[in-house]
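A short worksheet on the structure shown next.
None of these values were measured; they are calculated from a predicted model. Each ligand, and each atom within it, is numbered from 1 in the order the structure gives. All heavy atoms count here, side chains included; hydrogens, waters and symmetry mates do not.
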Amino acid sequence: MTALDIPTIELNDGAKIPQLGLGVYLVEPGDTERVVSEALEAGYRHIDTAMIYENEREVGKAIAASGIPRDELFVTTKLWNTDQTRAPEAFAESLDKLGLERVDLYLIHWPQAMFGEALGAWRELIKIRESGRATSIGVSNFEIEDLQQIIDETGVVPAANQIELHPLHQRRELTGFCREQGIAIEAWGPLAQGKSDLLTRPEVIAAAEAHGKSPAQVLLRWHVQQGRIIFPKTTKRERLAENADIFDFALTDVEMAAIDAYEVGTNLGPDPRTFDVR
Ligand code: NAD
């Protein structure tokens, strides 16, 4: 199976992450092995899952069946909220389900600042990284104050922060802070989860027509052109190919600025400052 030629981003610990992958949030366990297998066949080498997606086992089956050498794959999973006080055990369970001895990136899924347990979890992730069973460690949905706390207390800067980010919600202050700290941005919901009118906006359609691309490709290109890591979710084979075919054109400054101007500051997912679901 031939890998797609996807650019990599160097993380602050020296590891390299493919800038584009497949996210499997809300991919049914019964469908996950097929979707991940099709993605690997299409040349994807980066898969983003999480314990709470309940499909780590199926991701692992597709990886095993592919026969692709482990070093050619980049696998991310995440520590769920209820597991922040038992990170070593939860991590071992994730590895077991994935059928892997190591993940490439392990993330704390939500800060849950109201419970005050993320710092302890971060200390455990540092030990997990030192053990070699996670090459890189990072966080997800962390605000500036959440990042500042774990950095101040441990001196270890997360390799990545995976946050909701799309043209309607660009998180400029947070991304600026992450840039200064050397924290890579992973944009979740890069297509606004299919819940917006972005794909039918005139500026997006005009850019798509100008470059012979689809509106979704224009939005995904807008992300990668700003150095972000994305893993748009799809269960359709045609869209797997479409979403990865974004590295042979460039949006102009005017086209980029038109999409930048869509910012309204509203999140589609939960607010990380108040999300207390366990
Ligand atoms: P997304 O923005 O990737 O949107 C997915 C939806 O976009 C699909 O269901 C489909 O309806 C549509 N779509 C996909 N390709 C398309 C195409 N070519 N043309 C038109 N429509 C298309 O949203 P997402 O799945 O929420 O985010 C991507 C990944 O980010 C997830 O699968 C998951 O791995 C991760 N994520 C992380 C968190 C977190 O808290 N860390 C939260 C949500 C998602």
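Phe74 meets the ring pair (Phe, Tyr, Trp, His ring centres under 6.0 Å) test with His46; sequence neighbours excluded. Scanning for salt bridge (charged side-chain N to carboxylate O under 4.0 Å, His left out) contacts around Asp104 gives Arg70, Arg102, with sequence neighbours left out.
Here is the list of ligand 1 atoms found below 4.0 Å of a heavy atom in Asp48: 33 (C), 34 (O), 35 (C). With ligand atoms numbered from 1 in the order given, ligand 1 contributes 17 (C), 18 (N), 19 (N) to contacts under 4.0 Å with heavy atoms of Ala216. If you number the atoms of ligand 1 from 1 as listed, the ones under 4.0 Å from a heavy atom of Asn141 come out as 39 (C), 40 (O), 41 (N). Of all atoms in ligand 1, listed by their number and element, those nearer than 4.0 Å to a heavy atom of His109 are 39 (C), 40 (O), 41 (N). The ligand atoms of ligand 1 that sit less than 4.0 angstrom from a heavy atom of Ala192 are 2 (O).
Of the polar atoms of Asn243, at least one N or O is found under 3.5 Å from an N or O of ligand 1, judged by distance alone.
A side-chain N or O of Thr49 and one of Asn55 form a donor-acceptor pair less than 3.5 Å apart. A donor-acceptor contact under 3.5 angstrom links the side chains of Glu56 and Ser94, judged on distance only.
From the protein, the heavy atom lying nearest to atom 3 (O) of ligand 1 is Lys233 N, 3.0 Å. Here the heavy atom of the protein found nearest to atom 37 (C) of ligand 1 is Gln162 OE1, 3.0 Å. The closest protein non-hydrogen atom to atom 29 (C) of ligand 1 is Phe231 O, 3.4 Å. From the protein, the heavy atom lying nearest to atom 10 (C) of ligand 1 is Arg239 NH1, 4.0 Å. Scanning the protein for heavy atoms near atom 13 (N) of ligand 1, the closest one is Leu191 CD1, 3.7 Å.
A salt bridge is defined here as a Lys NZ or Arg NE, NH1 or NH2 lying under 4.0 Å from an Asp or Glu carboxylate O, and Glu124 with Lys127 meets this definition. Ion pairing of Arg86 with Glu93 is present here, as a side-chain N (NZ or NE/NH1/NH2) and a carboxylate O approach within less than 4.0 Å.
For the pair Arg278 and Trp80, the cation does not sit on the ring face, since its NZ or CZ is not both under 6.0 Å from the ring centre and inside 45° of the axis. Geometrically, Arg221 engages Phe249 in a cation-pi contact defined by less than 6.0 Å to the ring centre and at most 45° from the axis.
For atom 27 (O) of ligand 1, the nearest non-hydrogen atom from the set Ala244, Gly189, Ser214, Gly23 comes from Gly189. Nearest to atom 42 (C) of ligand 1 by heavy atom, out of Trp110, Tyr25, Trp188, is Trp188.
Under 4.0 Å from ligand 1, heavy atoms of Gln193 appear from its side chain as well as its backbone. The part of Leu199 lying near ligand 1 is the side chain, judged by heavy-atom distances below 4.0 Å.
Checked by atom type and distance alone, the side chain of Asp48 never pairs as donor or acceptor with a backbone atom of Gly21 at under 3.5 Å.
Aromatic ring pairs are classed by plane angle as parallel below 30°, tilted from 30° to 60° and perpendicular above 60°; the pair Trp110 and Trp188 is perpendicular.
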